[in-house]
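These notes concern the structure reproduced below.
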Amino acid sequence: MAPEQRLRVIALVSGGKDSFYSLLHCMRLGHGVVALANLYPTTGDEDLNSFMYQTVGHEVVPLYATATGIPLYRQPILGRAACHARDYQHPGRQHEADDDETESMVPLLRAVMARHPEANALCSGAILSTYQRTRVESVALRLGLVPLAYLWKYPVLPPPADDVQLLRDMAAAGLEARIVKVASAGLDESRLWEPVTTPAGALAVQRAVQRFGGAAQGAALGEGGEFETIVLDGPPELFKMRIAVPDDGRTIVAEGGGASWMMLRGAYLEEKLVQPPHRELPVRTPALLDAGFEVVLRAIPCDRRVVPEPSGAAKSFLLGSSVPPLQGGRGFLQWSIMADASFAGGSIEEETIHVVDKIRSALSSVARNPAQITSTIIVLADMSDFSKVNDEYKKLFTEPNPPSRVTISCGRLLPAGRRIVIHVAMPDAVLGRGERNGLHVQARSFWAPANIGPYSQAIDVPAATGLRAVYVAGQIPLVPASMRLPPAGERALHEQLVLSLQHLWRIGVEMKVQCWTSAVAYFAKSSSADAMVHQVKLASEAWSLLHVPPEDDDDDDDDDSGPDLWDLKYNHAYKSRGYGDTQSANTALPDCTIFTLRQQKEPETCVPPMFAVEVESLPRESDVEWHAHMGLGHIDTACAEMMCLPGDGDSRGWGSWHTIVRSGDAILVHTVVACGLAESDPRNLEEQTLASVYRASLRGVGLDAKLSCPDDAPYLAYVDAACLPGGLWQDTGTRKGNELTFEPIPCHSIWSPQAERLGCVALYRATMVASP
């Protein structure tokens, strides 16, 4: 690791297995551990039962300083679990030591940082607990420390394994951890002091929890409080001496309700046999790509694209005569906001402040606040302005789970004198508590890139009766553990395409997405049209392979290096393209069971459309950024269709793609219309023309006759800069009801899934319910 990438880490240690294994990962990745930090109970011999911190075994913790040779700092736990929400929000009082026990970390870490000013990161052992992770992230970021959670989602990372693989990995690393608390029907006090980080110990715990409903995610790892551990030894690179506890120093305390824990007295240090350090710490680093994505990487390019090409008129099987007349609209508020002309020529900071103020005003006009925003797209003239823009943009968001975000640069294609445009979207209806959910992981891990700052990986909101819509942030190909792009090489573009797609898939599975409606692959400005076509073909092939795996070919030699075709098609561990997340055990992405039986037999008809868009540049100078427009979840069996219609007849040369989902008395329709570059006369992009094109596309699937008052304005559009008519841009556009404004994203070029040049792509979403 290059010196500039090496972090100086403070390791939060509770004495348990997870915090020490996370510490070992820091060492394995080349970071330096400068100090250990621990919070301990103040209640004497009683177990504190903190929601946030492990307290059992705290008597042993002082020995870690000598055992490891790393300075240890300790302070008592103050306060209580005052904030019970899953996602932590610091109240922002004048005095940071408020009532919540989370804030006990602040004075402890400040004391460590005063002794070790070089410290710039904080590691913890969070595996599946959002409650713990968000609290550590909150404190770390307030203190200017990079949060590290290398065990986050570790159980679902490749290779696919059972639910105790992590315990076996700990055993292989030489970590010795023993059970010091049990609180599960499958684990009674007879299990206390048993080693758990051994193959036999892992198997025993697995069998015990499975006997008593241990199917819950993480139960065999103790993630639900089933058991807690104390670490006594580890590899020689970390533990120079071993901790021992005499037999008469272990006292069992029965807590009631099936819970028992062990009080430890008289712990001491033992000399270890001198062992030569390993050339490399025996800590398993998960593979960068899941097995299914490795298959995709090996397969592209192969000129076998399965893309949803418009092929003829078709009627929806879901929209039979039994469907009553429907009424409704998109149900979303939309703004595209830029600075007033008077700000042209000012600084980017001044322009951003003005845009942010206009967003606040727009929200205030409909009695909303920034916490209701679902997604944003930030379009910059110069990507080098991004850090300055972010400093002002982030002031909009003071609550957990800010909106998902896509950031691109369109260079000089923005209106004259403007350097930033922000597209803002949010549900029209005021959401109740718990209706808007978010995923905002700000710590580095092996799972997906951290979202440090004012945007979430995904936001999930109601879409129709019982349905959920998920809006995922744009995904660039950062290696999660390092937050850097993969190294340059002959197949660098292939790797970036597949890695960023894997990020999209992992987030989608975590958010229980069953299908995408459509997607765009943004590419930085290309050197030539031929180079752009090559990129488009690679992206289209990768997208298609993730939806329709290749059929078996008897002429091919057997290849034992990856999953077989049965796994790719039927094994759930691969149905989500490479890993099985037990939290999302009922979610496959894509989930073919949601489509009509006719389409299930023809999976190539269920591939959502993807387009390639050439812009000026992308964050971190990446080559590609994937943007899935909408993910849909909570779809019942055989209640979805995807349809493609060619550009002929009254469609005026516009092809269309539709995702139609029925749920109760509601129908959600997501529509994409696209027109070839040759047919994209600026007059064809006027609002009324686009509205008639949209209507024609609905008639094509037999839906328009059943609708009243659909919203005819696109919620997002991409237009080739050569097609932009004068006066197309508005200073502020509101899309609600019949107020039709159209502010597209200007592009250097746009491409169809078949690598044909397009002039415009426009997207519509509508939710309709039966008329009363």
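For clarity, every value in this text was computed on a predicted model and none was experimentally measured.
The side-chain hydrogen bond (donor to acceptor under 3.5 Å, both in side chains) test with Tyr150 singles out one residue from Arg444, His25, His31, and that residue is His31. With Thr376 as the fixed residue, the side-chain hydrogen bond (donor to acceptor under 3.5 Å, both in side chains) test singles out one of Tyr471, Tyr455, Tyr393: Tyr393.
Electrostatic pairing of Arg133 and Glu137 counts as a salt bridge here, judged by a charged N lying under 4.0 Å from a carboxylate O. With respect to the salt-bridge test (charged N to carboxylate O, under 4.0 angstrom), the residues Arg142 and Glu103 qualify. For Arg178 and Glu176, the salt-bridge test passes: some basic side-chain N is under 4.0 Å from an acidic carboxylate O. Under the 4.0 Å criterion applied to side-chain N and carboxylate O atoms, Glu280 and Arg28 are assigned as salt-bridge partners. Using a cutoff of 4.0 Å between basic side-chain nitrogens and carboxylate oxygens, Arg168 and Asp162 are scored as salt-bridged. A salt bridge is defined here as a Lys NZ or Arg NE, NH1 or NH2 lying under 4.0 Å from an Asp or Glu carboxylate O, and Glu510 with Lys153 meets this definition. Salt-bridge annotation for Asp460 and Lys512: absent, with no side-chain N of the basic residue lying under 4.0 Å from a carboxylate O of the acidic one.
With contacts defined as side-chain heavy-atom distances shorter than 4.5 Å, the pair Ile452/Leu141 qualifies. Leu288 is not listed as a side-chain neighbour of Phe293, based on a closest heavy-atom distance of 4.5 Å or more. Residues Leu281 and Pro235 have side chains in contact (heavy-atom distance under 4.5 Å, counting atoms from C-beta outward). Contact of the His116 side chain with the Tyr73 side chain is registered, since non-hydrogen atoms from C-beta on lie closer than 4.5 Å. In this structure, the side chains of Asp18 and Glu223 come closer than 4.5 Å at one or more pairs of heavy atoms. Contact check for Trp626 versus Trp543: side-chain heavy atoms found under the 4.5 Å cut-off. No side-chain heavy atom of Tyr40 sits less than 4.5 Å from a side-chain heavy atom of Ile77. You'll find the side chain of Trp505 stays beyond 4.5 Å of the side chain of Gln475, heavy atoms only.
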**OP:** Would you sort out whether Tyr522 and His627 count as a side chain to side chain contact (heavy atoms under 4.5 Å, CB included), showing the intermediate values?
**Re:** CA-CA 8 Å; Tyr522 297 102; His627 175 199; 3.2 Å; yes
Subject >> Test side chain to side chain contact (heavy atoms under 4.5 Å, CB included) applied to Val461 and Ile459, step by step >> reply: CA-CA 7 Å; Val461 294; Ile459 296 294; 4.1 Å; yes
Original post:
Leu499 and His503: side chain to side chain contact (heavy atoms under 4.5 Å, CB included), yes or no, with the steps?
Top reply: CA-CA 6 Å; Leu499 181 58; His503 299 333; 3.6 Å; yes
**OP:** Check step by step if side chain to side chain contact (heavy atoms under 4.5 Å, CB included) holds for Cys26 and Leu148.
**Re:** CA-CA 8 Å; Cys26 291; Leu148 307 174; 3.9 Å; yes
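Residues Asn38 and Arg74 have side chains that bring a donor and an acceptor to within less than 3.5 angstrom of each other. Checked by atom type, the side-chain pair Asn401/Asp87 shows a donor-acceptor distance below 3.5 Å. Using modelled atom types, one finds a donor on one side chain and an acceptor on the other under 3.5 Å when comparing Arg405 with Asn390.
Judged by distance alone, the side chain of Thr352 and the main-chain N or O of Ile348 form a donor-acceptor pair under 3.5 Å. Side chain of Gln54 to main chain of Val56: a donor-acceptor pair is present (N/O by atom type, distance under 3.5 Å, no hydrogens or angles). Side-chain N or O atoms of Asn451 include one that pairs as donor or acceptor with a backbone N or O of Gln457 at under 3.5 Å. A donor-acceptor pair under 3.5 Å is formed between the side chain of Arg135 and the backbone N or O of Tyr131. Looking at Ser456, its side chain never comes within 3.5 Å of a backbone N or O of Ala458 through a donor-acceptor pair. Formation of a donor-acceptor pair under 3.5 Å by the Ser500 side chain with backbone atoms of Gln496 is found in this model. When atom types are taken as modelled, the side chain of Glu392 and the backbone of Val356 share no donor-acceptor pair closer than 3.5 angstrom. Checking side-chain atoms of Asp100 against main-chain N and O of Thr102 turns up a donor-acceptor pair under 3.5 Å. Using a distance-only test at 3.5 Å, with no hydrogens or angles considered, no donor-acceptor pair links the side chain of Ser22 to the main chain of Ser19. Formation of a donor-acceptor pair under 3.5 Å by the Tyr64 side chain with backbone atoms of Leu232 is not found in this model.
The neighbour count for Glu118 CD, taken as heavy atoms of other residues, nucleotides or ligands under 6.0 Å away, is above 12. Open room surrounds CZ on Arg115; 12 or fewer heavy atoms of other groups in view lie less than 6.0 Å from it. Lys240 NZ: more than 12 foreign heavy atoms inside a 6.0 Å radius.
Between atom CG of residue Leu289 and atom CG of residue Leu157 there is a gap of 11.5 Å, rounded to the nearest 0.5 Å. Considering CZ of Arg506 and CD of Gln502, their distance stands at 4.0 Å, rounded to 0.5 Å. Between atom CD1 of residue Ile230 and atom NZ of residue Lys181 there is a gap of 13.0 Å, rounded to the nearest 0.5 Å. Here the straight-line distance linking atom CD1 of Ile507 with atom CH2 of Trp447 works out to 5.0 Å at 0.5 Å rounding. In this structure, the separation between CG on Leu29 and CD on Gln5 is 11.0 Å, given to the nearest 0.5 Å. Here the CG-CG distance, from Leu63 to Leu72, works out to 9.5 Å after rounding to the nearest 0.5 Å.
Between Val472 and Ser404, the closest heavy-atom pair is C-CB, 3.9 Å. Shortest non-hydrogen contact noted between Ala126 and Ala149 is O-CB, 4.5 Å. Closest approach of Ala524 and Ser617 over heavy atoms only: CB-CA, 4.2 Å. Taking both residues in full, the closest heavy atoms of Arg436 and Ile373 are given as NH2-O, 2.6 Å, listed atom of the first, atom of the second, then distance. Taking both residues in full, the closest heavy atoms of Pro449 and Ile476 are given as CG-O, 4.3 Å, listed atom of the first, atom of the second, then distance. Scanning both residues, Phe20 and Gly15, for their nearest heavy atoms gives CE1-CA, 4.1 Å.
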